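Counting starts at 1 for both ligands and their atoms, following the listed order. Source: prediction; values computed, not measured.
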Amino acid sequence: VQEQNHAFWDTQPVPKLDQVIEKNGPIETKTLDDVRKEPLSLPPQFEWSTIDVNDHAQLMDVYTLLNENYVEDDDNMFRFDYSVAFLKWALQPPGYLKQWHIGVRVKDNKKMVGFISAIPATVVVDKTENIKMVEINFLCVHKKLREKRLAPVLIKEITRLVNLENIWQAAYTAGIVLPKPVATCRYYHRSLNPKKLVEVGFSQIPANITMSLLIKLHKVPEATKHAFRPLEKKDVPSATLLVQKYLSKYSLAPTFDEHEIWHWFAPLKNVMDCQVLTDAQGNVTDLFSFYTLPSSIINHPKHKNLKAAFSFYNVATSIPVAELMQDALTVAKNNEFDVFNCLDIFENNQFIKDLKFAPGDGNLQYYLYNYSTPTKKSADIGLVLL
Ligand SMILES: CCCCCCCCCCCCCC(=O)CSCCNC(=O)CCNC(=O)[C@H](O)C(C)(C)COP(=O)(O)OP(=O)(O)OC[C@H]1O[C@@H](n2cnc3c(N)ncnc32)[C@H](O)[C@@H]1OP(=O)(O)O
Ligand SMILES: CN(C)Cc1n[nH]c2ccc(-c3ccc(F)cc3OCCn3ccnc3)cc12
């Protein structure tokens, strides 16, 4: 029995928490005529503000709002610190629309106090349904304006602007349980700089082992075992075929055309690392990728930031996946990352233990908006949201 009453989510086309779902399909069907033409009303002291991420000042407003008010861990010790370059990359994939980068500002002083974004994506559900949808991300309300029901207004406004483009489904993830998770995934951390992680309280030193032993236990090879090199534009055709073939095995996965592959996987300093192995014909046979997402360390005297790598998409066909990821750890360590994070999605359970990942303290829930589908196991998920 589910006691929770979700005053907003119970009005939305999402399955109830206690609903058992048998088949796939939209929950409601509307036409453009049903979509409001004017923006949702905000409380009188606020105004909508479409963010032009090509305008550095406006992008800085988004950066600052998130840097000060975005997702924290359960103990409020760390807060994600998405960089300016990361946000520009995340918000401007092929086909992006600037009207889907929505800010809320205080009318008097133009201070940004809210944000939500949508980017276009094609997501395949249960290997059969190719759905043109959006990925929703970076929902944020300033700490001083919490629990005033502003989030539902932001969500309804982005829904309206997406519907106006004749798109009726969305994918999103969150650390909290809402109606109704498509999958509940766990996250895992591989220490690369155990001394700093212990100093900042990210991890504890296990009983009766010394720091020097902890460091030794987490050593990674100084050089990769295989001849990985950064992805280049010439690799895009074969990398696209490799990634597409791999993702088609999963029950929730995106499709990427060549433009999207180049956008999401092109190496970008402090944002995206992607390295490949190729065969004698120059075709990509193996690929690892991870993104750079530091966290601010809240109120620490010595350390201000934790440099974290987050596993993105990885494909191994000529070597075992554990060797692919071992080399990814080496590249991350050599680039001064403190920790390498991944979820228990894809076939990640095949390397999480052997490569000494430790479980994190929470879950990441996957959601679809206006689409019913039977619950998936984590290992069925082939989609990564930033
Ligand atoms: C066809 C297109 C469709 C597009 C849209 C698809 C859907 C997209 C959905 C969005 C996906 C975002 C994905 C994403 O960005 C990745 S998840 C990260 C979300 N952001 C953060 O956690 C940052 C820190 N927290 C905040 O800024 C605020 O706490 C937020 C803004 C989160 C809530 O602000 P607040 O001041 O704390 O709360 P009220 O305004 O009073 O509102 C309370 C209502 O909001 C519901 N709530 C709370 N957190 C939520 C969350 N993370 N998703 C969805 N709903 C969330 C909550 O259940 C309640 O509804 P209920 O009463 O029914 O339970
Ligand atoms: C996915 N994307 C939507 C951001 C997002 N939103 N909500 C979240 C909740 C957990 C994770 C997450 C995902 C993978 C991972 F290895 C660790 C994580 O969080 C650790 C706890 N934490 C939160 C902030 N600083 C530390 C991401 C997110």
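Taking a cut-off of under 4.0 Å to the non-hydrogen atoms of Tyr369, the atoms of ligand 1 that pass are 1 (C), 3 (C), 6 (C), 7 (C). Atom numbering of ligand 1 starts at 1 in the shown order; those under 4.0 Å from a heavy atom of Thr173 are 13 (C), 14 (C), 16 (C), 17 (S). Annotation for ligand 2: atoms under 4.0 Å from non-hydrogen atoms of Leu385 are 1 (C). Heavy-atom proximity to Asn163, at under 4.0 Å, picks out these atoms of ligand 1: 1 (C). Taking every non-hydrogen atom of Asn341 and a distance limit under 4.0 Å, the qualifying atoms of ligand 2 come out as 16 (F).
A heavy-atom distance below 4.5 Å is not found between the side chains of Phe86 and Leu268. Contact annotation: the side chain of Val62 never approaches that of Phe138 to less than 4.5 Å [non-hydrogen atoms, C-beta and beyond]. Residues Trp264 and Leu386 have side chains in contact (heavy-atom distance under 4.5 Å, counting atoms from C-beta outward). Lys98 is not listed as a side-chain neighbour of Asn54, based on a closest heavy-atom distance of 4.5 Å or more. Between Phe288 and Val331 there is a side-chain heavy-atom pair separated by less than 4.5 Å. Between Trp168 and Tyr371, every side-chain heavy-atom pair lies at or beyond the 4.5 Å cut-off.
Looking at atom 23 (C) of ligand 2, its nearest protein heavy atom turns out to be Phe80 CZ, 3.5 Å. The single protein non-hydrogen atom nearest to atom 6 (N) of ligand 2 is Val71 CG2, 3.7 Å, given as residue, atom name and distance. Protein heavy atom closest to atom 10 (C) of ligand 2, with residue, atom name and distance, is Tyr187 CE2, 3.8 Å. The protein heavy atom nearest to atom 2 (N) of ligand 2 is Leu386 O, 2.8 Å. The single protein non-hydrogen atom nearest to atom 15 (O) of ligand 1 is Leu139 N, 2.9 Å, given as residue, atom name and distance. Annotation: atom 46 (C) of ligand 1 to nearest protein heavy atom, Trp9 NE1, 4.0 Å. Atom 9 (C) of ligand 2 has as its closest protein heavy atom Leu364 CD1, 3.8 Å. Annotation: atom 33 (C) of ligand 1 to nearest protein heavy atom, Ala151 CB, 3.7 Å. For atom 4 (C) of ligand 2, the closest non-hydrogen atom of the protein is Tyr82 OH, 3.4 Å. Of all protein heavy atoms, the one lying nearest to atom 35 (P) of ligand 1 is Glu147 N, 3.7 Å. With respect to atom 26 (C) of ligand 2, the closest heavy atom belonging to the protein is Asp73 CB, 3.7 Å. For atom 37 (O) of ligand 1, the nearest non-hydrogen atom of the protein is Arg146 CD, 3.8 Å. When only non-hydrogen protein atoms are considered, atom 59 (C) of ligand 1 lies nearest to Arg149 NH1, 3.9 Å. Ranking protein heavy atoms by distance to atom 50 (C) of ligand 1, first place goes to Ile176 CD1, 3.8 Å. When hydrogens are left out, the protein atom nearest atom 27 (O) of ligand 1 is Val141 N, 2.9 Å; that is the closest non-hydrogen contact.
Taking the six-membered ring for Trp and thresholds of 30 and 60 degrees, Phe312 and Tyr291 have ring planes more than 60 degrees apart, a perpendicular arrangement. Note: Phe256 and Phe265 have perpendicular aromatic rings, judged against thresholds of 30 and 60 degrees for the angle between ring planes.
Not a single protein heavy atom sits closer than 4.0 Å to atom 30 (C) of ligand 1.
With a 4.0 Å heavy-atom cut-off, ligand 1 is reached by the side chain of Val162 but not by its N, CA, C or O. At a heavy-atom distance under 4.0 Å, no atom of Glu72 approaches ligand 1. Proximity of Gln4 to ligand 1, defined as any heavy-atom pair under 4.0 Å, is not found for any part of the residue. When non-hydrogen atoms are compared, ligand 1 lies under 4.0 Å from neither the backbone nor the side chain of Leu385. Contacts with ligand 2 closer than 4.0 Å are made by no heavy atom of Tyr172, backbone or side chain. Contacts with ligand 1 closer than 4.0 Å are made by side-chain heavy atoms of Leu178 only, the backbone lying farther away. Of all the heavy atoms of Tyr172, the ones lying under 4.0 Å from any atom of ligand 1 belong exclusively to the side chain. When non-hydrogen atoms are compared, ligand 1 lies under 4.0 Å from the backbone of Phe138 (N, CA, C, O) but not from its side chain. Only the backbone of Glu72 comes within contact range of ligand 2, with a heavy atom under 4.0 Å; no side-chain atom does.
More than 12 heavy-atom neighbours from other residues, nucleotides or ligands sit within 6.0 angstrom of CG on Asp361. Heavy atoms from other residues, nucleotides or ligands lying under 6.0 Å from NZ of Lys16 number more than 12.
Checking side-chain atoms of Lys107 against main-chain N and O of Pro44 turns up a donor-acceptor pair under 3.5 Å.
Between Lys110 and Glu47, at least one side-chain N (NZ, or NE/NH1/NH2) sits under 4.0 Å from a carboxylate O, which counts as a salt bridge. We find that Glu157 and Arg160 are joined by a salt bridge, their nearest charged nitrogen and carboxylate oxygen being less than 4.0 Å apart.
Using a 4.0 Å cutoff on heavy atoms, Asn370 does not count as a contact of ligand 1. Remark: distances from the non-hydrogen atoms of Tyr70 to ligand 2 are all 4.0 Å or more.
Any N or O atom pair closer than 3.5 Å counts here, and Val134 shares no such pair with ligand 1. Taking only nitrogen or oxygen atoms, main chain and side chain alike, His6 reaches within less than 3.5 Å of ligand 1.
The heavy atom nearest to atom 14 (C) of ligand 2, considering only Phe202, Tyr188, Phe78, Phe310, is found in Phe310.
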For this session: Give the C-alpha distance, both sets of side-chain angles, the deciding distance and a yes or no for side-chain hydrogen bond (donor to acceptor under 3.5 Å, both in side chains) between Ser318 and Asp286.
Result: CA-CA 7 Å; Ser318 83; Asp286 308 85; 2.6 Å; yes
